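Working notes, beginning with the structure itself.
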Amino acid sequence: NGRPGWAKSLFVGMWVVLGSTYLLAAWADVFEGSGKVAMFWYINGALQGSLVILFAWFERLVLPGAILLSVLFFLSNVVRFQIAHGEFDYGCFECVIGAFIGLGVLAARSWTLYRIERTMASDQKRYDTAWNEMIPINGSQDQLRSIEIISQGLNRHRSEPRQAESSGQLDWAFESRPQDKVTGIPLQSSPEIQSLDQLYATACVVYPLLIKKVQKLAMRCHGHFPLQISQEGTSCIQWSTIKQDLKLRNHVRWANLKPVDRAIEKLARCYTGEVSRLLDVCRQSIIFEELSELLLCMEMIAKDTDIEVLRVKNRLRHGYDGRLTAGFRSLVMSIRIVTEETRALHADGHCSELQLVPKTMFALNDPQGHPKYISFRNSQGDR
């Protein structure tokens with residue numbers, strides 16, 4: 001919607017102005033000053049100004065950069081006053097205070113990350129153990145290599161996927177709402193979706209169509225879905241069995257649309273408010289007992305003319321660092337359903353998330369641990 005972009009530009013601009021001020025002051029001092037002091041101030045100011053500008057364009061470096069600059073200011077002022085006046089400048093201790101504040105913030109963040117990683121350590125150990133036991137099974141290595149080859153083929157020459165407008169505007173959904181309900185900003189015509197309202201409107205349209213599509217895929221690839229039959233736990237049953245039993249069909253635990261508060265949190269935390277980058281509002285999973293079935297489903301998706309694959313995150317590949325997802329591994333696909341029906345409903349530009357999950361991973365998934373996992377992902381600034 002543009003506002004986070006303005007804030008970021010203002011933030012970066014302030015640092016650039018600060019850095020430029022140091023550069024100009026240092027240059028001016030060459031003409032007004034003399035001797036060693038002028039030359040030292042020029043080199044010192046040029047270095048500090050350049051560092052400030054550099055840090056402005058790399059947001060994650062701002063805090064470490066501020067600490068480094070505080071230390072640099074302290075040392076440079078000590079040297080400059082010693083050269084110019086032969087005495088120590090006690091006023092430069094404010095730089096030391098700034099450095100300690102920055103170090104304190106970094107220490108607090110490191111401690112928070114450490115506590116969260118310790119909380120997830122037991123889950124990661126269970127997932128890693130299950131994965132390591134699954135790898136030696138006959139044929140698994142060949143299947144994983146095939147999955148990696150298909151993933152690379154689907155990802156080749158693709159830019160970052162975005163939520164896009166359909167071939168027609170969703171005028172019917174916004175006749176009485178010309179402004180975004182969350183931000184109050186007027187909706188604009190753009191190839192990319194800019195409004196959270198609009199994103200959820202198309203997600204509601206795509207949701208039942210995605211469920212229908214995953215049912216067809218599961219039927220042909222022996223896929224499973226989770227069922228919540230009792231309060232004791234969740235079972236996982238093959239769709240071909242579920243389909244024949246109305247009672248079982250009513251207990252399938254389909255993934256709901258992403259909660260709005262979580263979507264807003266993710267937009268602020270990971271995507272600087274760019275709504276078009278939020279790709280998992282509408283999502284579903286298919287669970288597979290064998291890797292060969294997962295591979296078959298992936299091949300079918302790659303050949304399906306109704307599905308446009310925008311991106312594949314292969315967390316089953318050799319060398320994947322399981323610590324990034326607390327040991328949980330799956331194949332995550334960002335897809336669009338492009339059919340006559342979605343075109344007629346102006347929802348063919350909506351990107352959904354489809355996860356293909358080994359049953360071994362799903363069996364260890366604890367629903368009570370999901371809030372803990374969200375905290376872990378938030379601490380990583382994960383997307």
Side-chain angles (χ1 to χ4, degrees), residues 150 154 158-177 180 187 189-226 238-240 242-244 246 248-250 252-260 263 275-288 296-312 331-357:
I150 297 173
L154 292 171
R158 295 187 184 275
S159 57
E160 182 186 4
R162 298 278 183 140
Q163 296 285 6
E165 289 280 5
S166 175
S167 51
Q169 294 281 343
L170 281 176
D171 296 332
W172 53 269
F174 298 101
E175 288 176 356
S176 60
R177 297 183 297 171
D180 187 293
L187 299 176
S189 177
S190 169
E192 298 173 357
I193 287 182
Q194 299 183 358
S195 161
L196 200 59
D197 280 352
Q198 189 175 5
L199 179 59
Y200 270 85
T202 54
C204 290
V205 172
V206 170
Y207 183 78
L209 304 178
L210 179 62
I211 289 179
K212 188 187 298 184
K213 175 58 70 175
V214 298
Q215 288 173 350
K216 290 180 180 179
L217 290 169
M219 190 69 185
R220 298 175 63 183
C221 304
H222 313 292
H224 297 62
F225 293 113
Q238 193 167 312
W239 173 246
S240 58
I242 299 172
K243 187 179 179 181
Q244 307 302 322
L246 178 61
L248 290 179
R249 289 207 304 271
N250 291 334
V252 176
R253 200 180 70 189
W254 303 111
N256 296 320
L257 296 181
K258 180 183 285 292
V260 176
V275 174
S276 63
R277 296 175 65 187
L278 188 61
L279 307 179
D280 61 345
V281 170
C282 184
R283 63 269 175 95
Q284 292 298 335
S285 300
I286 309 177
I287 301 156
F288 298 94
L296 175 61
C297 184
M298 193 178 181
E299 291 172 341
M300 289 183 59
I301 291 172
K303 296 175 183 178
D304 194 327
T305 57
D306 291 345
I307 297 177
E308 179 186 358
V309 180
L310 303 177
R311 181 177 64 192
V312 180
L331 191 82
V332 184
M333 308 181 80
S334 298
I335 64 171
R336 287 193 183 114
I337 298 178
V338 185
T339 62
E340 291 300 322
E341 188 173 11
T342 56
R343 289 192 189 97
L345 294 169
H346 302 299
D348 54 299
H350 185 89
C351 180
S352 305
E353 181 179 279
L354 175 59
Q355 283 202 48
L356 308 183
V357 185

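The first residue of the sequence shown is numbered 1, and numbering continues consecutively from there. Values in this document were obtained by computation on a predicted structure and should not be read as measured data.
The salt bridge (Lys or Arg N to Asp or Glu O under 4.0 Å) check on Arg336 picks up Glu308, with sequence neighbours excluded.
Inspection of the Glu341 and Thr339 side chains reveals no N or O donor paired with an N or O acceptor under 3.5 Å. Between the side chains of Gln163 and Gln198, no donor-acceptor pair is found at a separation under 3.5 Å.
For the pair Gln284 (side chain) and Ala255 (backbone), a donor-acceptor distance under 3.5 Å is present. Checked by atom type and distance alone, the side chain of Arg162 never pairs as donor or acceptor with a backbone atom of Leu279 at under 3.5 Å.
How far OG of Ser352 is from CD1 of Ile335: 6.0 Å, rounded to the nearest 0.5 Å. In this structure, CD1 on Ile150 lies 10.0 Å from CD1 on Ile301, to the nearest 0.5 angstrom. Here CZ of Arg283 is found 14.5 Å from CH2 of Trp254. Values are rounded to the nearest 0.5 Å. The structure places CD of Gln244 at 9.5 Å from CH2 of Trp239, a figure rounded to the nearest 0.5 Å. Summarising the geometry, atom CG belonging to Leu356 is positioned 6.5 Å from atom CE belonging to Met333; distances are rounded to the nearest 0.5 Å. If you take CD on Glu353 and SG on Cys282, they are separated by 10.0 Å, rounding to the nearest 0.5 Å.
Contact of the Thr202 side chain with the Val281 side chain is not registered, since no non-hydrogen atoms from C-beta on lie closer than 4.5 Å. In this structure, Ile287 and Gln355 have side chains that are not in contact, with every pair of non-hydrogen atoms separated by 4.5 Å or more. At a threshold of 4.5 Å between non-hydrogen side-chain atoms, the residues Leu248 and Asn250 do not count as touching. Residues Leu354 and Ser285 form no side-chain contact, since every pair of their non-hydrogen atoms from C-beta on lies 4.5 Å or further apart.
The shortest heavy-atom contact between Arg249 and Ile242 is CG-O, 3.2 Å. Scanning all heavy atoms of the two residues, the minimum distance from Val338 to Asp348 falls at CG2-O, 4.0 Å. Heavy-atom minimum distance, Ile337 versus Thr342: O-OG1, 3.0 Å. Scanning all heavy atoms of the two residues, the minimum distance from Gly223 to Ile286 falls at CA-CG2, 3.9 Å. Listed here is the closest heavy atom pair of Val205 and Pro208: O-CD, 3.4 Å. Scanning both residues, Val312 and Met298, for their nearest heavy atoms gives CG1-CE, 4.2 Å.
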Name every donor-acceptor pair, under 3.5 Å, that has one atom in a side chain of residues 213-221 and the other anywhere in the protein, sequence neighbours excluded.
| from | atom 1 | to | atom 2 | distance (Å) |
| --- | --- | --- | --- | --- |
| Lys213 | NZ | Asp304 | OD2 | 3.1 |

